[in-house]
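Some notes on the structure that comes next.
Start at 1 and go down the list; that is how both ligands and their atoms are numbered. Below, all heavy atoms of this structure are taken into account, side chains as well, without hydrogens, waters or symmetry copies.
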Amino acid sequence: MTNSNNELKARCAALRQIYDGFAEQRLQLDLTRGKPAADQLDLSSGLDGILDGFYTLQDGTDVRNYGGILGIPEARELGARLLGIEAASVLAGGNSSLNLMYHYVNYRLEGSPGESPGWRANSDTVKFLCPVPGYDRHFTVCNHFNIEMINVPFTDAGPDLDFIEAAVEADATIKGIWCIPKYSNPTGHTYSDATVERLAELPGIASRDFTIFWDNAYAVHTLTDTPDTLANIMAFAEAKGTSDGLVMFASTSKITFAGAGVAFLATSEANLKGFEAYLTPSVIGFDKVNQLRHARFLPNDAAVADLMQQHRALIAPKFELVESKLSAALKGKGIASWTRPKGGYFVSLDTLPGLASETIRLAAEVGVKLTPAGATFPGGIDPEDTNIRIAPTFPPLDDLSTALDVLVVCIELASAVRQLGANT
Ligand code: PLP
């Protein structure tokens, strides 16, 4: 940042003028929505009519009828391929993996007869480890069930394992951890092999009923020619005898239709049986017609990879625009840092401490909506008030470009005003 006071005042005035110019444009732009744009959804319009009247599986099952909570074999195979595990461990469900996460938390809280007494059997207090910044809806699930959340810092290799191991060894009321292991929301991190292996050991050193929630929402969502690779946690867990403490999730929400995809849950066969019994009073079977449509549309890894390349062609330019706009305006000024994800749906930006909410307020006043400050932290509280989640996929490039112009001016203006205040 410019350091002489006069230069700073001049810079502030110039920024204020640009900012006022934005106000006159009466913008209405939104960078909050981590969802696919319409052209991405169009890539999967082949789902429509793909069954062409054939609703019967090889084993004679009519997918239009009731039944089969674990899902049809073809869809379980699709989930198994996405998660890199055996189909026998997979449940293919409805359209939302978040819904399966919610239910798995509830299943563990309730416990299952003869197997587990439930997380609250010995103490009303239940805690989860939450690597931050993270996915706000994981935190909403915890909040809903009155589960206390503990912020876990990130390292470049993933969540800080020294912190995590010390916490679970010291406190048996810690029953779970949220992990988004690949192209994490919002930081874009992919966990290192060593991190995955150490995480797989956790159920062995934590409370007996500790569970790793492995939300692999962005398993195939790469933006480069050199995708990150993620070690197979199920293989580690099986080798270490901890697979009962692992539950994995994925979905096609950001592969096909965000509101009408297929979601998957995978865990040990014993857990899967228990979870099936838990679900039975609430559902007779999920949407098997949609499962079959997806199995036909994505019959193998090549079909998934081809579709993801088409997504990449549409969204990589948006991520490149974020990088180029942030770099051009902010690089080297010491007032912001941000991630350059190789996949996923978000860019995570950090302002100077205490300036995320002010930046977001300034942007909102000239018509650019950003994800609320703190949304990426449990309880909506970012202790440093630095993190801003940028979701570039949904807006058209032109809108994204203008929104980023506003964002960088707001960051610099907030920083300059702060610096001026500190100098006087
Ligand atoms: N998990 C993560 C990490 C996400 O970012 C999202 C959506 O943004 C979801 C889960 C939601 O998945 P689904 O649509 O399968 O419920």
Filter the ligand 1-protein atom pairs down to N or O on both sides and distance under 3.5 Å, then list them.
{"unit_1": "ligand 1", "atom_1": "1 (N)", "unit_2": "D215", "atom_2": "OD1", "d": "3.4"}
{"unit_1": "ligand 1", "atom_1": "1 (N)", "unit_2": "D215", "atom_2": "OD2", "d": "2.5"}
{"unit_1": "ligand 1", "atom_1": "5 (O)", "unit_2": "N185", "atom_2": "ND2", "d": "2.9"}
{"unit_1": "ligand 1", "atom_1": "5 (O)", "unit_2": "Y218", "atom_2": "OH", "d": "2.6"}
{"unit_1": "ligand 1", "atom_1": "8 (O)", "unit_2": "Y218", "atom_2": "OH", "d": "3.4"}
{"unit_1": "ligand 1", "atom_1": "8 (O)", "unit_2": "K254", "atom_2": "NZ", "d": "2.6"}
{"unit_1": "ligand 1", "atom_1": "12 (O)", "unit_2": "S97", "atom_2": "OG", "d": "3.2"}
{"unit_1": "ligand 1", "atom_1": "14 (O)", "unit_2": "S253", "atom_2": "OG", "d": "2.6"}
{"unit_1": "ligand 1", "atom_1": "15 (O)", "unit_2": "S97", "atom_2": "N", "d": "2.8"}
{"unit_1": "ligand 1", "atom_1": "15 (O)", "unit_2": "S97", "atom_2": "OG", "d": "2.7"}
{"unit_1": "ligand 1", "atom_1": "15 (O)", "unit_2": "S251", "atom_2": "OG", "d": "2.8"}
{"unit_1": "ligand 1", "atom_1": "15 (O)", "unit_2": "S253", "atom_2": "OG", "d": "3.2"}
{"unit_1": "ligand 1", "atom_1": "16 (O)", "unit_2": "S96", "atom_2": "OG", "d": "2.9"}
{"unit_1": "ligand 1", "atom_1": "16 (O)", "unit_2": "S97", "atom_2": "N", "d": "3.1"}
{"unit_1": "ligand 1", "atom_1": "16 (O)", "unit_2": "L98", "atom_2": "N", "d": "3.0"}

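- Relative to the ring axis of F210, K175 does not place its NZ or CZ within 45° and under 6.0 Å from the centre.
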Under 3.5 Å, which donor-acceptor pairs do the side chains of residues 130-148 form with other protein atoms, sequence neighbours left out?
{"unit_1": "H138", "atom_1": "NE2", "unit_2": "D215", "atom_2": "OD2", "d": "2.8"}
{"unit_1": "T140", "atom_1": "OG1", "unit_2": "D136", "atom_2": "O", "d": "3.0"}
{"unit_1": "H144", "atom_1": "NE2", "unit_2": "Y102", "atom_2": "OH", "d": "3.1"}

With a 3.5 Å cut-off and sequence neighbours excluded, list the donor-acceptor pairs that the side chains of residues 70-86 form with protein atoms.
{"unit_1": "R76", "atom_1": "NE", "unit_2": "V90", "atom_2": "O", "d": "2.6"}
{"unit_1": "R76", "atom_1": "NH2", "unit_2": "A88", "atom_2": "O", "d": "3.4"}
{"unit_1": "R76", "atom_1": "NH2", "unit_2": "V90", "atom_2": "O", "d": "3.2"}
{"unit_1": "R81", "atom_1": "NH2", "unit_2": "L298", "atom_2": "O", "d": "2.9"}
{"unit_1": "R81", "atom_1": "NH2", "unit_2": "P299", "atom_2": "O", "d": "3.4"}

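- Annotation: side chain of F346 is in contact with side chain of Y218 (closest heavy-atom distance under 4.5 Å).
- Note on residues 310-342: no pairs pass ring-ring contact (aromatic ring centres under 6.0 Å, His included), not counting sequence neighbours.
- Aromatic pair Y278/F275: ring centres closer than 6.0 Å.
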